[in-house]
Each structure stands twice: as structure tokens, then as C-alpha cells.
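Okay, structure first, notes after.
Keep in mind that the numbers below use all heavy atoms, side chains included, and drop hydrogens, waters and symmetry copies.
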Amino acid sequence: MAESDEDREFLTVEQAASYLQLSTSSIRSYIREGKLKAFRVAGLRKVLIQRDDLLALLEPARPTEL
């Protein structure tokens, strides 16, 4: 049984882009600008993003009223 993106703790750039319905270049821009923390796997050309960090990019469209 394949693991869904919601079940993974770390996502590739491609999976993160798909999860947020963005392009991979947008995800890479967020990483480059320091808006999204990512980890490079030693010895591989693979970048991983922690799902919680990816979700932290999201903000409410409207401020919530108290």
C-alpha cells in the first residue's frame, strides 16, 4: 500500500508542489528566499521538506476575529 503525502513526515520538492498545487519552481523559490526550510540528502541531489514546515507557509485568507 502506497503512503499518501498526508502520511509522510518529509516530502520531495515535487510532492510539496503537488500537495499545495504550486509549481516546483515556486517551492524552490520559497526555499531560496528562506521562507521554507529544506534539507539536502547527503550524497544525493534530493531535497526534502518537513510537512509541518510546508504547512506553515499557509496563512488564513482573512484574519480571524476574536
Side-chain angles (χ1 to χ4, degrees):
M1 182 181 214
E3 198 174 14
S4 72
D5 287 348
E6 289 85 14
D7 295 337
R8 296 175 193 239
E9 186 173 347
F10 289 94
L11 303 171
T12 64
V13 170
E14 293 78 13
Q15 290 167 332
S18 175
Y19 187 78
L20 293 184
Q21 297 180 353
L22 297 172
S23 67
T24 56
S25 60
S26 292
I27 297 295
R28 291 183 195 284
S29 291
Y30 286 134
I31 294 169
R32 225 180 3 264
E33 294 167 3
K35 295 179 181 177
L36 180 60
K37 189 165 52 169
F39 303 91
R40 184 173 304 279
V41 178
L44 300 175
R45 294 189 57 173
K46 190 173 206 174
V47 174
L48 296 177
I49 301 158
Q50 196 163 13
R51 190 169 63 87
D52 291 341
D53 291 334
L54 183 66
L55 294 176
L57 275 179
L58 302 176
E59 57 186 45
R62 299 179 200 186
T64 56
E65 295 184 29
L66 297 175

Gap separating the CD1 atom of Ile31 from the NZ atom of Lys37, nearest 0.5 angstrom: 12.5 Å
Within 6.0 angstrom of Glu33 CD, more than 12 heavy atoms from elsewhere: yes
From Phe39 atom CZ to Asp53 atom CG, the distance as rounded to the nearest 0.5 Å: 6.5 Å
Residue list, side-chain hydrogen bond (donor to acceptor under 3.5 Å, both in side chains) with Thr24, at least two apart or on another chain: none
ILVMFWY network linking Val13 to Leu44, side-chain heavy atoms under 4.5 angstrom: no
Any side-chain donor near an acceptor of the partner, Ser25 and Arg28, under 3.5 Å: no
Listed partners of Lys46 passing salt bridge (charged side-chain N to carboxylate O under 4.0 Å, His left out), at least two apart: none
Nearest-0.5 Å distance, CG of residue Leu36 to CG of residue Leu57: 5.0 Å
By side-chain hydrogen bond (donor to acceptor under 3.5 Å, both in side chains) - contacts of Arg45 (at least two apart): none
Tyr19 and Leu55, any side-chain heavy atoms less than 4.5 Å apart: yes
Cluster link Leu11 to Val41, ILVMFWY, side chain under 4.5 Å: no
Atom of Val47, atom of Ala38 and distance for their closest heavy-atom approach: CG1-CB, 3.6 Å
Distance in Å, Leu48 CG paired with Thr12 OG1, rounded so as to fall on 0.5 Å steps: 7.5 Å
